[in-house]
Every structure is written in structure tokens, then in C-alpha cells.
Amino acid sequence: PGGDAAPGRPAVLRMLVPANERPFWLPLADSFAKARPGVRLELEEGPVPTDLRESLTTSALLSRDGTWDLVYLDVTWTSKLAAAGWLLPLDDAFGEAERAAFLPQALAAGVFRGRLYRIPFRTDVGLLYYRADLLAAAGIAPPRTFAELETAARRLQSPPERWGFLWQGAQYEGLVCFFLEVLHGHGGSWIDPETLEVGLDRPEAEAALALLVRARGAGGVSPPGVTAYREEETRHLFQSGRAVFLRSWPYVFRLAQREGSAVAGKIGVLPVPTLSGAPGSGTLGGWGLAVARASRQPEKAIAFVRHATTLKSQRLFCAPTGFAPARRDGYADPELLAANPFLAELGKIHASATARPVVARYAQASDVLQRHLSAALAGLATPREALAAAARETRALLGEPP
Ligand code: GLC
């Protein structure tokens, strides 16, 4: 696989993308083939959940066989892949001026121990969607605190036809993203990346997890099935009018507002709530591009990264999907704004996003948290027990020599 082409045949670059995004990558592969005759990008379809693609990518890069030239990676993957030496540093290829084109938080997610390994492609931040029509009809103001959210959700729901509040509750990375927003909204913390201090066994964390357990429990505002939901299950339910509130990412806005959606013209978006009512900080998400160190054609792979992150390419990918661009100029671009007017507002919300901790053992730390959150949601442990165990395991994990 990979390698330079035989004379007359184009060289092939290979990259793994989630199955649901592949159709939107094809136009970029086409425009690259035109801009750079003699090189072709081959897009392999991988699973949608980030955790699953992270393990696939890890095994492929571990073998250093050059299968993948390019890596399409989550904000949380950089530290591990860079620490293992599997990514090419891009500091020399992308100078100051080029880097300045990107949202600072998105760019920072590509830096590990002072070197740049990942160029941001699209960005994400956790948001609270709500049914503006239902709230207005009931004379309820858009909620700012967790208590207001719970009260409004309870008043406006009529389960099982319409639930109060949907979120990603399956045992995977999405649950961690949501839990962190509730945790930060309670003034709590998970892992301090500088000191490696773990905050999971503190009262703020217990209150945050208790909120999730209560929401999902008998008489709560979330369906019991929420513990099986990832992003798309929650979007489909919300979009068919079956929920009042939804915690999700920016891509939902355009899909929920388009023709044929049962909630088109009826939704609003808020920062995630907090205990105090101060605007909350959504989890920073997003995807970027890196070059595998084992690639036999790094120069061509870098050319693709550069091609995929021009404003023109951001239009090709973000306009039809509603994904949020990683470039700053994407938020003021008439073409992108015409396709998705929400971008104007989103640009501001992004600035307050909170990154997940940058530790090389991120995947394992997240797995520990996922398991214990799930145990509490399933009623197998109290929030306090679950978090005490998670804190213990996380400390042991972070204390191990790398
Ligand atoms: C989105 C985010 C990503 C996050 C994932 C969790 O894809 O961009 O950062 O890890 O959701 O499901």
C-alpha cells in the first residue's frame, strides 16, 4: 500500500474517515486531483465513533507499515499519537502566517510538547438546543441554570412521545464530552494536565453525576434509553419533534433547520447551562489532519493538508454539511453564512470552549471515566462510589511511568 506510483499511474495517498463523512470528503479528493495531477487521495471508510477509529488508527500506526499517509484525528488523539512518535511534526511546513488563519483553540489541539502535529480541519463545541416554539408558548425563558433546564424540561415533556432532555449517554467518548460540561458547570474538574491532579472524588463531581442519574431515572426528564444514544440517535429524535432540549454539536443546527425537519424554524441554541447561570463552557471537539511519520510520500501528504484547509475547501465541506469550519475566515464568509447563518453566533461560542486534558494516556483515562459513569447510570453504583473508583483508577493510570 501507499508508495510512489509506477510511471503513468497516479501516486495514491490513503486516509481513514468515518463512513458518514466520506461522501463529503469526495469533492475534496476530486479538487485535489485537479490541483495536483499525478496524486490521488483514497478515502477508506471507518466506524463513526471516535473511540473505535482511534484504536484502528493506533494499530495501523503501530505497525509503521505506511498504510495511512494521512490521519484524520480528533482533538484528543494528538497527544498519544505524537508521544508515540507516529506523526510528522508540521512546524516547518506551516509557518506563522498560515497557522494564524485558524481558530486558536482548534490550533492548540494540534500542539504537543511545543510542536505542531495536527492542522485543524473542522471544529466542534458542545451546545444546548431547545424548542423555542414550545418555550415561548409556555412563557418560559430559555434556561441558563441546570435547575431551570430541569424544570422547563419537566413542564414541557409528555413521555414517551416527547422527552425533556436528550444527551449522549452511551459508554463512549461522547458521554465524557457531555459529562465534562455538567462537571465544569458545577465548578468541578477532571484532570489538571499540568499537575495531573484528579478532581473526580469531590462534591462538585458527585453533584454533576447525580444530575445525570436523576435525569435518566424514574420520573426523570431523559428517556431510559439515553444510555444507548450517541450523537445521531439523539439528533433523529430531536429532529422528529420528540424532545424539548438536546445537548449536541454544531452540525445539528443546519440539519434540524432544513426543509423536511419537523422542527425547522422552531429551534434555538444556547451555551450549555451552569449551576450559577453564567454562560457555560462547552467541550471543545473537532477534527484535524496529520501526516503519518511512516508515510513514504510526506511531501504529497502535506500538500493535501494544505489543500484541504483553504477557505475554498472549507466551503466545499462545511456548506453542505453544517460542520463548523476551523478557519477564522469561515465565520465571516458570505458563502458559508448563506448556507448556515448560525455560524455567525457560533464563532463567539467557540471562544469559551473547554479542551479535554492533554495527557498522553487520554484514551485510557477516558475509558476509566466512561466505565464508571455508565455503572452509575445503570444503577450499579452510586455516583459517589462510581467517582471514587474512577478517581482511584485515574490516579494509578497517570502515576504509571509512560
Ligand atoms: C465529535 C467531536 C469530538 C468528540 C466526539 C465524541 O466528533 O468533534 O471531538 O470526541 O464528538 O463523540
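The model shown is predicted, which means the values in this text are computed figures rather than measured ones. Both ligands and their constituent atoms are indexed starting at 1 by order of listing.
Taking any N or O of Gly285, backbone or side chain, none lies under 3.5 Å from an N or O belonging to ligand 1. For ligand 1, the polar-atom distance check against Thr50 finds no nitrogen or oxygen pair separated by under 3.5 Å. When only interatomic distances are considered, the shortest N/O to N/O separation between Thr76 and ligand 1 does not fall below 3.5 Å. Considering both main-chain and side-chain atoms, Glu173 never comes within under 3.5 Å of ligand 1 through any nitrogen or oxygen pair.
Residue contact annotation: Glu231 has a non-hydrogen atom under 4.0 Å from ligand 1. Residue contacts with ligand 1 include Arg356, since one or more of its heavy atoms lies under 4.0 Å from the ligand.
Below 30°, between 30° and 60°, or above 60°: for Phe121 and Trp25 the angle between ring planes is below 30°, a parallel geometry.
Looking from atom 11 (O) of ligand 1 to the surrounding protein, the closest heavy atom is Trp249 NE1, 3.3 Å. Atom 7 (O) of ligand 1 has its closest protein heavy atom at Trp287 NE1, 3.1 Å.
Among pairs with a residue in residues 116-134, those fulfilling side-chain hydrogen bond (donor to acceptor under 3.5 Å, both in side chains) read Glu21-Arg122, Tyr72-Arg122, Arg122-Asp124, Arg131-Asp133, at least two apart in sequence or across chains.
Side-chain contact, Gln370 with Ser366: a donor N or O sits under 3.5 Å from an acceptor N or O.
Taking the charged nitrogens against the carboxylate oxygens, Arg36 and Glu299 do have a contact shorter than 4.0 Å, which makes a salt bridge. Of the charged side-chain nitrogens involved, none lies within less than 4.0 Å of a carboxylate oxygen, so that Lys34 and Asp30 do not count as a salt-bridged pair.
In this view, Asp51 satisfies the salt bridge (Lys or Arg N to Asp or Glu O under 4.0 Å) rule with no residue, not counting sequence neighbours.
For ligand 1, the atoms sitting less than 4.0 Å from at least one non-hydrogen atom of Gly174 are 6 (C), 12 (O), numbered in the order shown with element in parentheses. Residue contact check: Tyr172 has heavy atoms under 4.0 Å from atoms 12 (O) of ligand 1. In the vicinity of Asp74, heavy-atom distances shorter than 4.0 Å reach the ligand 1 atoms 3 (C), 4 (C), 9 (O), 10 (O).
Using modelled atom types, one side-chain atom of His184 and one backbone atom of Leu180 make a donor-acceptor pair closer than 3.5 Å.
Separation of atoms CD (Glu44) and CG (Leu56) is listed at 11.0 Å; rounding is to 0.5 Å.
When Val125, Asp124, Thr123 are ranked by how near their heavy atoms come to atom 2 (C) of ligand 1, first place goes to Asp124.
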